[in-house]
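Encoded as structure tokens, the structure appears first; notes follow it.
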Amino acid sequence: MSEASPSYTIPFARPHVGKEEEEAVLRVLRSGWLTTGKEALAFEEEFAKAVGVPHACAVQSATAGLHLALEAVGVREGDLVITTPYTFTATAEVARYLGAEVLFCDIDEKTLTIDPREVERTLKDPVVARKAKVVVPVHLAGRGARMAELLEIARTAGVAVVEDAAHAFPVETPLGMLGAIGDLGVYSFYATKPITTGEGGMVVTASEVYATRVRLMRLHGIDRPVWNRYRTAGAAWYYEVVEPGFKYNMPDILAAIGRVQLRKAWKLREERKRIALRYLEAFATRDYLILPDAPEEHAWHLFILGIREDLLSITRDEYIEKLARRGIGTSVHYIPLFLMPYYRKRYHLSPDDFPVSMRVYRRSFSLPLYPDLSDEEVDYVIRSVLETGDAAYRKRP
Ligand SMILES: Cc1ncc(COP(=O)(O)O)c(C=O)c1O
């Protein structure tokens with residue numbers, strides 16, 4: 001097989017949508033009601049049931065959901081939001097929407113999620129303890145953050161916990177579903193996520209108070225549901241604006257796709273898991289590969305593989321390039337936020353302050369992992385990863 005003419009073209013991600021999603025969209029288009037309405041309400045009810053909490057609020061993205069969740073727990077100008085730098089910028093940027101500041105704590109090397117000991121240490125600083133409003137763990141790749149410890153630390157310090165569960169559906173744990181354990185949790189239905197509506201998100205919470213606030217701020221700060229205003233005859237036209245809210249409601253076209261995807265979510269997770277287990281088994285045979293932590297409780301949204309550059313004559317970037325030449329799309333999750341000019345400059349951050357994130361970032365890349373990968377494609381990815389590494393292998397001196 002030649003690198004110049006790869007036998008396959010395997011994109012990094014491919015959404016899993018089919019006939020049922022098409023029919024759902026057509027049903028809504030033909031219904032005459034395109035924006036938020038009964039599909040969105042049904043999606044919320046079904047999702048709440050699926051995660052085992054009373055309230056689910058459909059929104060346009062997880063970014064919107066995180067914004068609303070932080071707003072609901074009372075994050076305001078000058079407050080501190082504690083989170084991981086090993087994430088997408090959405091997790092942190094929403095703090096800035098509200099005028100709050102971001103405080104990053106390094107990750108633990110096993111789970112790649114925020115290290116509770118770092119959070120505890122940070123909260124010992126009296127200024128931080130006074131200003132911190134919320135901790136936002138990210139269940140990176142679908143592997144849960146250390147929630148029991150984080151909850152305990154947060155409760156002791158009197159701060160809220162908002163879970164960024166963008167990668168983590170559906171994952172059952174002894175504490176509840178990932179995303180439904182903290183004060184609020186937020187899922188993403190972006191095109192590449194475990195289930196998708198193209199763009200979309202869901203905020204979940206057990207708290208009536210938070211749910212009411214999220215619903216209010218999701219739609220312009222209007223004090224009552226307006227879905228039925230145009231449907232009912234009579235005096236349903238009156239409403240009041242009680243806050244300067246946002247425009248984050250999910251339209252029915254997307255909610256209808258979400259309802260179909262929700263029904264398939266467990267099956268899709270099983271299919272991703274099956275591929276992840278094949279990767280794990282194949283890659284365990286090489287000492288130059290560093291495997292992701294693989295507990296049973298995992299959404300397998302991403303398969304983040306590490307390489308030991310000390311055992312190879314090529315770098316991580318060259319590894320990625322060689323796989324690309326074989327037609328295999330990969331990605332890097334994530335470029336840590338302290339390397340991004342905005343956060344670096346605003347908070348005067350140095351990579352030396354985040355040794356674990358830096359180490360993991362330098363060695364890692366993510367492989368294709370989605371239900372529509374065929375067995376042959378998985379074989380090809382495995383073969384390509386192993387042949388690339390074997391060809392560059394240099395034994396320990
Ligand atoms: C960890 C994490 N949080 C939040 C988001 C934002 O999700 P959305 O695109 O639905 O706004 C993403 C999206 O990639 C993400 O990976």
Side-chain angles (χ1 to χ4, degrees), residues 12-15 40 43 47 56-71 81-98 102 104-105 107 111-114 134-145 147 150 161-169 171 178-179 182 184-204 214 218 246-251 254-255 257-258 261-262 265 272 292 298-304 330-338 340 343 357 360-361 364-366 369-370:
F12 174 64
R14 220 188 258 149
F43 186 29
F47 201 90
C57 311
V59 288
Q60 280 178 6
S61 65
T63 308
L66 287 163
H67 185 190
L68 291 167
L70 294 197
E71 204 279 338
V81 172
I82 299 176
T83 192
T84 162
Y86 211 78
T87 184
F88 184 61
T89 185
T91 313
E93 77 190 24
V94 291
R96 299 293 304 126
Y97 294 1
L98 295 160
V102 186
F104 294 115
C105 287
I107 55 172
T111 68
L112 311 187
T113 65
I114 196 165
V134 57
V135 181
V136 185
V138 176
H139 304 307
L140 192 86
R143 199 263 181 244
M147 286 305 292
L150 288 168
V161 176
V162 168
E163 297 172 73
D164 180 337
H167 300 180
F169 185 75
V171 184
L178 286 184
L184 297 111
V186 182
Y187 301 88
S188 173
F189 308 135
Y190 178 70
T192 60
K193 293 297 192 281
I195 65 170
T196 184
T197 58
E199 298 278 0
M202 191 73 80
V203 183
V204 303
V214 167
R218 171 177 62 173
F246 311 104
K247 181 66 161 64
Y248 282 162
N249 56 303
M250 176 184 277
L254 301 190
I257 301 173
Q261 291 265 305
L262 178 59
R272 292 192 303 273
H298 203 311
W300 290 113
H301 167 53
L302 299 172
F303 192 95
I304 300 179
T330 57
S331 190
V332 172
H333 296 91
Y334 282 94
I335 306 166
L337 294 180
F338 53 79
M340 294 295 176
Y343 298 103
S357 294
V360 174
Y361 164 58
S364 302
F365 57 93
S366 307
L369 179 64
Y370 41 88

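Because the structure is predicted, anything quoted here is derived from the model rather than measured. Atoms within a ligand are numbered from 1 in the order they appear, just like the ligands themselves.
Between the CG atom in L302 and the CZ atom in F12 there is a gap of 5.5 Å [rounded to 0.5 Å]. Separating the OH atom in Y187 from the CG atom in D164 is a distance of 11.0 Å, to the nearest 0.5 Å. A distance of 11.5 Å separates OG1 in T87 from NE2 in H139, rounded to the nearest 0.5 Å. A distance of 5.0 Å separates NE2 of H301 from OG1 of T192, quoted to the nearest 0.5 Å. Atom CG of residue L70 and atom CZ of residue R96 lie 12.5 Å apart, to the nearest 0.5 angstrom.
Close contacts between ligand 1 and G200 involve ligand atoms 10 (O) [criterion: under 4.0 Å to a heavy atom]. Residue-ligand proximity, T87 to ligand 1, at heavy-atom distances under 4.0 Å covers atoms 1 (C). Residue F88 has at least one heavy-atom neighbour below 4.0 Å for each of these atoms of ligand 1: 12 (C), 13 (C), 14 (O), 15 (C), 16 (O). Taking every heavy atom of V138 and a limit of under 4.0 angstrom, the matching atoms of ligand 1 come to 1 (C). Residue A90 approaches ligand 1 through these ligand atoms, each under 4.0 Å from one of its heavy atoms: 4 (C), 5 (C), 6 (C).
Of the heavy atoms in Y334, only side-chain atoms (C-beta onward) come closer than 4.0 Å to ligand 1. Contact annotation: for A166 versus ligand 1, heavy atoms closer than 4.0 Å belong to the side chain alone. Both the backbone and the side chain of T63 come within 4.0 Å of ligand 1, judged by heavy-atom distances.
For atom 9 (O) of ligand 1, the closest non-hydrogen atom on the protein side is Y190 CB, 3.8 Å.
Heavy atoms of G65 stay at 4.0 angstrom or farther from ligand 1.
Checking only distances, A62 does come within under 3.5 Å of ligand 1, N or O to N or O. Of the polar atoms of K193, at least one N or O is found under 3.5 Å from an N or O of ligand 1, judged by distance alone. Backbone and side-chain nitrogen or oxygen atoms of D164 are examined, and one is located within less than 3.5 angstrom of a nitrogen or oxygen of ligand 1. The N/O atoms of S188, backbone and side chain alike, include one that comes under 3.5 Å of an N/O atom in ligand 1.
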Show your working on ring-ring contact (aromatic ring centres under 6.0 Å, His included) between Y361 and F338 and close with a plain yes or no. CA-CA 12 Å; Y361 164 58; F338 53 79; 8.3 Å; no
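Here the side chains of F169 and M202 are not in contact, with every heavy-atom distance at 4.5 Å or above. Taking the side chain as every heavy atom from C-beta outward, Y97 and T63 approach each other to under 4.5 Å.
Other residues, nucleotides and ligands place no more than 12 heavy atoms under 6.0 Å from the OH atom of Y190.
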